[in-house]
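Note sheet for the following structure.
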2 protein chains.
Amino acid sequence: MVSKAPDIFPEIEIPDEISGLRMTAQRREVYRLLQQERNHPTANEVFMRVKDRLPNISLATVYNCLEALVQHGIIRQVNFERESSRYCPNLSEHGHFHDAATGVIHDVDFKPGVNLADVLNLPPGAVIDDVEITLRGKLASA
Amino acid sequence: MVSKAPDIFPEIEIPDEISGLRMTAQRREVYRLLQQERNHPTANEVFMRVKDRLPNISLATVYNCLEALVQHGIIRQVNFERESSRYCPNLSEHGHFHDAATGVIHDVDFKPGVNLADVLNLPPGAVIDDVEITLRGKLASA
DNA sequence: AATAATAATTGGAATAGTTCTTGATATTGA
DNA sequence: TCAATATCAAGAACTATTCCAATTATTATT
Ligand SMILES: [Mn+2]
Ligand SMILES: [Mn+2]
Ligand SMILES: [Zn+2]
Ligand SMILES: [Zn+2]
């Protein structure tokens, strides 16, 4: 039983188990942070921010937690070029647009009814398990 | 003046300069290899294979050559998850399908007339400079 | 052709993100 | 309560890539 801190944001409630993964204190805070700050932080950014609530957490544990969450399909790992991996709690199928000017990463949804096989010449017999779409560009200020 | 080796494949001719980049012996062999073996090799694979023709080449030079070729738009760098970068001489806009069973990477072309803005809800005002589409799955044997 | 200036290559050291190892802690379940 | 199991923490190890400094090759100039 944890007493609720007087945060500006209401604290996100996280159950004791998600998709078969036990939510330890560390996993809970890592997941909570990703839910709150949906800016695709790196492992190190998660580490620095989550230390506010778990001062003794280690970077290795943050990596362990992120991997466990990814493995259980609770969050997604997002890679861009050779940069550090980033993490995303948005489970709907989506891509990522990186604004080269600001560095901000925007989620990009598919338009409804779009099928990959409609736009790509897939190899015959290909069964797609995973799709990664990454865009880089600028946001023209209107 | 280099005497032509009795290769099975006819040797690809490469000019002294491409897109403003001077073709040194090392750059030429790196580029030639990518043209011949279009299986998206890693820097280290390029290194090992190109040593047949340039026994003294260093891995640092392979990286230098690959970077120069990428910088001048002569080849493309392809990243998949956290794996080593791979390199691709196919300059037409295309994506990559990774067959999880065999490890083979297939180029995937866009169907003609497809526009990204047709299938994705891009942020308003977004100007796309670069697109990366990566698919992972299996090739069902018919 | 000789010389000077510039660019490229090499081999090894350094870097950085991530993973591994090991001992301590915590949780579960008998 | 005790044993079995899972998780965590700290730091070492790993590895793809980049950096550095010295050498070599190329280009430009006289
Ligand atoms: Mn803070
Ligand atoms: Mn060989
Ligand atoms: Zn996302
Ligand atoms: Zn390709």
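A note on names: the letters A, B, ... follow the listed sequences, proteins ahead of strands, and every chain is numbered from 1. Worth saying up front: this structure is predicted, and the values here are computed from it rather than measured.
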Figure out the [atom1]/[atom2] separation between [X] and [N], and round it to whole Å.
{"X": "A:Arg27", "N": "C:dA26", "atom1": "CZ", "atom2": "C1'", "answer": "12 Å"}
{"X": "A:Glu83", "N": "C:dT18", "atom1": "CD", "atom2": "P", "answer": "11 Å"}
{"X": "B:Phe47", "N": "D:dT15", "atom1": "CZ", "atom2": "P", "answer": "17 Å"}
{"X": "A:Asn64", "N": "C:dA26", "atom1": "CG", "atom2": "C1'", "answer": "15 Å"}
{"X": "A:Tyr63", "N": "C:dT21", "atom1": "OH", "atom2": "C1'", "answer": "17 Å"}
{"X": "A:Asn79", "N": "C:dG17", "atom1": "CG", "atom2": "C1'", "answer": "11 Å"}
{"X": "B:Arg82", "N": "D:dA16", "atom1": "CZ", "atom2": "C1'", "answer": "10 Å"}
{"X": "A:Glu17", "N": "C:dT28", "atom1": "CD", "atom2": "P", "answer": "10 Å"}

Determine yes or no for a side-chain-to-main-chain donor-acceptor pair under 3.5 angstrom, with [X] supplying the side chain and [Y] the backbone.
{"X": "B:Arg28", "Y": "B:Ile14", "answer": "yes"}
{"X": "A:Arg136", "Y": "A:Ala100", "answer": "no"}
{"X": "A:Asn39", "Y": "A:Pro41", "answer": "no"}
{"X": "A:Lys111", "Y": "B:Ala117", "answer": "yes"}

Nearest heavy atom decides the nucleotide; on that basis, is B:Cys65 or A:Gln77 closer to the 5' end of DNA chain C?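 Going by which nucleotide is closer to the 5' end, it is B:Cys65.
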Checking all strands, does [X] fall into the base, sugar-phosphate, or nothing category for heavy-atom contacts under 4.0 angstrom?
{"X": "B:Asn44", "value": "nothing"}
{"X": "A:Thr61", "value": "base"}
{"X": "B:Ser85", "value": "sugar-phosphate"}
{"X": "A:Gln26", "value": "sugar-phosphate"}

Would you indicate which nucleotide in D:dT27, D:dT7, D:dA9 comes nearest to any side-chain atom of B:Arg22?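 Selected nucleotide: D:dT27.
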Looking at D:dG11, D:dA16, C:dT18, which one has an atom nearest to any side-chain atom of A:Ser84?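 Side chain of A:Ser84 sits closest to C:dT18.
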Under-4.0 Å side-chain N/O to phosphate OP1/OP2 contact, A:Thr24 with D:dC8: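 So the side chain of A:Thr24 is within the cut-off, an N or O lying under 4.0 Å from OP1 or OP2 of D:dC8.
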Taking the six-membered ring for Trp, are B:His98 and B:Phe80 closer than 6.0 Å centroid to centroid?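 Close enough - the centres of the two rings lie under 6.0 Å apart.
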